[in-house]
Structure formats: C-alpha cells, structure tokens
Amino acid sequence: MVMKKIYSPKNFPLDEKTLREIIKKFPTPFHIYDEKKIKENFRQLKKTFSWAPNFREHFAVKATPNPHIVKILAEEGAGTDCSSLAELFLSEMAGVVGEKIILTSNDTPAEEFKKAIELGAIINLDDITHIDFLEKNAGFPKILSFRYNPADIMNEGNEIIGKPAEAKYGLTREQIFSAYEISKNRGVKRFGLHTMVASNELETKTFLYTAKIMFELAAEIKNRLGINFEFINLGGGFGIPYRPEEKPVNFQEIGEGIRELFNEIILPAGMEKIFIATESGRAMTGNAGWLVSTVLHEKNTYKNYIGLDSCMANLMRPALYGAYHHITILGKENFPHDKIYDVTGSLCENNDKFAIDRNLPKIEIGDILVIHDTGAHGHAMGFNYNGKLRSAELLLKENGEIKLIRRAETLDDYFSTLIK
Ligand SMILES: *Cc1c(COP(=O)(O)O)cnc(C)c1O
C-alpha cells in the first residue's frame, strides 16, 4: 500500500513555543480564536459588497456565541443575527442593539419576540401565522421582514441547493405575498425580505442564483403591493475550505456577479436605495478558531486509536455530519504522514471521533493536537452528555496578548441545576 504523504498546509497563528507556554497556564482542551483573522474575514466580506449602498453583515451569533467575539465584529461595523433569547442577550452584552439586530428564529416563543421589540430589533418572521402571534404577544417592530422558502423555484431537480421543500424554514411564494399585504394593512410601514438557503457553500453560482431570485421577488412584491423594501437579506452559508485541497469561496466573483444582478434587476425596478444584508457566521469565525487538545492514550486493537482529552462535547461536527476537520500535531507539522489513526474522544458513543483513517505523523502520548477550523459551530454546539464539561475559550488578540474569554465548566457548574 502506498502511504499518502499529506503535509499540513493549514495555518495556525502561534509557534510551538508560545502555544506550549499558553498550555501551561490554560490546560487543554480549549478553543483559541484569532482576532486578526476574524477582522480580515469581515473586511473581505465588506469589500465584496463595497459597491452596495449601506451593505450590512449581521453576524450569526450562533456560530460563536461569545460577546467578546461579537464585539470584535461589531467594532468593524457588523450587526447580529439572533435566533434565540440567549443570543439576543449576547448581542446586547456586546453592545449591539436596535436595527443592527435581526431576529431570524423559527418556532419562536413569545418572550423572544418581546425581547427583540425591547431591543428595537428587526424581526424576520418564519411563518405567516407568526404575524398574529407577534402582534398579540409583542406588537410589531419598526421593520418587519419575512423569510422566503424558494422551494417553488428550487425544486427537487436543482443540483445547486438541494431540496428547500424539505426544509422547515420560511414561507411559500404564495404566502409571502399575503404576508406583506396583511402586515401592511395592519400598519407596518417598513419592510425587508429574507432568505437563507445555502450552508457551507463554496460555489459562486449558488450565491448568484439566490441573489437573482431574491431581487426578482423583491421587484415583483414592489410591483404588486407597492412595498418599498429597505433591505434584502441573502442569509449566510458562505463556506470555508475545511479540507486543505478545497478552494475557498471566491468573494470577488460573488461581489461582481451580485453587482451585475443588482444593476439588471434592482435599479430598473426603482429600488436603488435598498441595502443588501448578509448573516454570515462560518465565514467570519470558522477558520479563525482551533481546538487544542492533548493525547491521553494510544490504543491498538483492530484499528489504531488516538484518544484525546476532548470529545464531541468540544466539537460535534465530525460526529454529527461526518465533517472533515484538519488536524496537525504540534512540532510535527512537516513530518511524514505515514501512520493511519482514528482520533477519538472519550464519550460512550462510537461516533465520538474527530477523524477516521486519517494519515498523520507518528503520535506519542502527550502530543498536542491542533484541530483546525473550529471557530464557528464548534464550542457553540457543545453539550454535556456523559457529564463531559465544555472547555474554555481563549482569544489571541491583535497585540499578541492571550485573553481568557470563557472559563472551562467545572463539576459545580454541571451539578448546579440539580435539586438538592
Ligand atoms: C445558521 C444561520 C446563519 C449562519 O450560517 P453560516 O453557515 O454560519 O453562515 C444565518 N442565518 C440563519 C437564519 C441561520 O440559521
């Protein structure tokens, strides 16, 4: 058998010595985020839409729900996209309030709507029946928008996006016209339009297709109902290349493509004042975070296993989606990758694996593993199965300082909800 020699081309912002110093102070496992990289990611997105008047990114808080992270993006000009009560509070803690917030939730409880109204947020409804529910429980916001599910256009045969018809989100085309008409009749004066169809998408054509159908829909609604939209929110879904051989999103191409569509559809419809919004999570923080973990055990049975001091509680994506996360061994980045391992966590769950049949350099007990691209939907998805505790989060600031932005959970935290 020919061993594939895959070296480790992925970036990590710290050298070996510095990381070992950090580990002395903050024991593994932990996630560490790179402020500089987060800012770069945001600036790239902003540049993509630099031609668009008043472009706004609402950072999807669920990706990295830590106010320190939200604040970094807010200082660069981003708002937030919240989908729960806790996320609304996190946004507030980071100083992001008012129309910088969009509440895009589904199956929404009344107290979430109330909090959103209290904060002056834009509310984006997921269903036509939520108009009554919102009015009754919280009243209308200053700006209301609806989430369109484009299953009528993107049907089963569409290779680009899959099957929106199977997605629980959004209103049908027919409902969306009624929804704007009803809310207009009830006195709502300001409106936006929203969709979110892609996830971890790397292909330009998907984003252009989404923009096209949304621009056309906005023009049609304006035409039929006389609604002048303030914004069109194209959602998130910009992917990152988790695998070293994958190509990153071509933001420049997307920006130019959407600009052409804007000129072709939006301008002739007399909607030149409309602003484009996105609610990107992964593309802001995904490649700016790493899970750092120590090897506790090596086990050789029918396969070779490396057991870490972290588990699915710290990073669920591989177990949940079979997602690939690149792994490097500190100090062995350029060693030949001539061993094959399953890299596992400690849950009593056989899918608690960070990598299966992965080519890696020879690993020793005590080695430090860096698991890449854990900045979005990483720590955030953590849970406490088996009584496993969630890790600390560290921030590498632009000035090189390391800041603890969330301490690790303790057993006391875990037991604190039990009735004594
Ligand atoms: C998850 C989510 C996002 C962010 O998605 P990314 O893939 O992280 O960009 C944006 N909007 C809504 C409504 C979401 O549910």
Side-chain angles (χ1 to χ4, degrees), residues 12-14 22 25-42 45 57-97 100-105 112 115 119 121 236 240 279-293 310 312-317 325 370-384 388-410 413-414 416:
F12 183 65
L14 298 164
I22 293 168
K25 198 165 164 206
F26 304 103
T28 62
F30 56 75
H31 288 263
I32 184 162
Y33 309 110
D34 181 0
E35 179 176 28
K36 185 160 163 270
K37 189 78 198 158
I38 293 172
K39 287 186 178 174
E40 280 170 17
N41 288 339
F42 177 78
L45 183 66
E57 152 71 355
H58 295 275
F59 172 61
V61 175
K62 78 167 190 274
T64 322
N66 188 310
H68 295 271
I69 302 294
V70 178
K71 222 176 200 160
I72 294 170
L73 287 157
E75 280 166 12
E76 292 287 308
T80 57
D81 159 40
C82 302
S83 344
S84 70
L85 188 60
E87 289 174 10
L88 288 168
F89 275 99
L90 288 167
S91 180
E92 190 179 20
M93 282 175 212
V96 180
V97 295
K100 286 234 150 183
I101 305 176
I102 184 165
L103 175 73
T104 296
S105 57
E112 235 172 75
K115 182 69 185 170
L119 291 173
I240 56 168
E279 37 187 51
S280 171
R282 194 186 315 270
M284 298 300 97
T285 54
N287 66 0
W290 297 263
L291 172 60
V292 180
S293 192
S310 55
M312 258 178 98
N314 308 106
L315 178 68
M316 187 137 58
R317 299 187 70 262
H325 278 265
V370 175
I371 304 179
H372 294 251
D373 303 313
T374 69
H377 315 296
H379 188 283
M381 278 190 185
F383 65 137
N384 285 120
K388 294 292 174 181
L389 304 175
R390 295 167 71 194
S391 80
E393 295 183 291
L394 307 181
L395 177 65
L396 166 63
K397 303 217 329 182
E398 249 182 328
N399 63 9
E401 187 192 323
I402 301 290
K403 188 173 173 189
L404 182 67
I405 57 169
R406 186 196 299 271
R407 66 165 172 81
E409 286 178 345
T410 63
D413 294 325
Y414 180 71
S416 65

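Index from 1, following the sequence.
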Quiz prompt | Spacing of R390 atom CZ and M381 atom CE [to the nearest 0.5 Å] | solution = 11.5 Å
Exercise. Of all the heavy-atom pairs spanning E112 and S105, show the shortest one and how long it is.
Key: OE1-OG, 3.0 Å
Quiz item: For A313 and K388, which heavy atoms make the closest approach, and how far apart are they?
Solution: CB-CB, 4.0 Å
Practice problem: Kindly compute the distance separating NE2 (H372) from CG (N287), expressed to the nearest 0.5 Å. | Solution: 11.5 Å
Exercise. Show the numbers, then the answer: is there a salt bridge (Lys or Arg N to Asp or Glu O under 4.0 Å) between R317 and D373?
Key: CA-CA 11 Å; R317 299 187 70 262; D373 303 313; over 6 Å; no
Quiz item: Considering residues, nucleotides and ligands other than K71, do more than 12 of their heavy atoms fall under 6.0 Å from its NZ?
Solution: no
Self-check item: All salt bridge (Lys or Arg N to Asp or Glu O under 4.0 Å) counterparts of K37, not counting sequence neighbours
Solution: E40
Quiz item: When T80 is tested against each of I102, I101, L73 for side chain to side chain contact (heavy atoms under 4.5 Å, CB included), which residue passes?
Solution: I101
Quiz item: Looking at OG1 of T374 and OH of Y33, how far apart are the two atoms once the value is rounded to the nearest 0.5 Å?
Solution: 6.0 Å
Practice problem: Would you please test D413 and R407 for side chain to side chain contact (heavy atoms under 4.5 Å, CB included) and show each step? | Solution: CA-CA 11 Å; D413 294 325; R407 66 165 172 81; 2.7 Å; yes
Quiz item: Between E279 and A60, is there a donor-acceptor pair closer than 3.5 Å when you use the side chain of the first and the backbone of the second?
Solution: no
Practice problem: Supply the atom-to-atom distance L14 CG to L396 CG, rounded to the nearest 0.5 angstrom. | Solution: 5.0 Å
Practice problem: Measure the shortest side-chain to side-chain distance between H379 and R406 over non-hydrogen atoms and say whether it is less than 4.5 angstrom. | Solution: yes
Quiz item: Of the non-hydrogen atoms in E398 and E35, which two are nearest, and what is the gap between them?
Solution: N-OE1, 2.8 Å
Quiz item: Among all residues two or more places apart in sequence or in another chain, which pass the salt bridge (Lys or Arg N to Asp or Glu O under 4.0 Å) test with E57?
Solution: none
Quiz item: To the nearest 0.5 Å, what is the distance between CD1 (I69) and OG1 (T64)?
Solution: 6.5 Å
Practice problem: Give me the one residue out of I38, I72, L45, T285 that meets side chain to side chain contact (heavy atoms under 4.5 Å, CB included) with F59. | Solution: T285
Exercise. Verify, without hydrogens or angle tests, whether K100 (side chain) and G77 (backbone) share a donor-acceptor contact under 3.5 angstrom.
Key: yes
Self-check item: Spacing of L291 atom CG and E393 atom CD [to the nearest 0.5 Å]
Solution: 11.0 Å
Exercise. State, to 0.1 Å, how close M284 and S280 come at their nearest heavy-atom pair, and which atoms those are.
Key: CG-O, 3.6 Å
Quiz item: Within the distance-only criterion (no hydrogens, no angle test), does the side chain of H31 pair as donor or acceptor with the backbone N or O of A392 below 3.5 angstrom?
Solution: no
Quiz item: With a 4.5 Å limit on heavy-atom distance, are the side chains of D34 and F12 in contact?
Solution: no
Self-check item: Minimum heavy-atom distance L103-L88, with the two atoms named
Solution: CD1-CD1, 4.0 Å
Self-check item: T28 to S293 - nearest heavy-atom pair and separation
Solution: CB-CA, 4.0 Å
Quiz item: Run the side chain to side chain contact (heavy atoms under 4.5 Å, CB included) check on F89 and K115 step by step: do they pass?
Solution: CA-CA 8 Å; F89 275 99; K115 182 69 185 170; 3.5 Å; yes
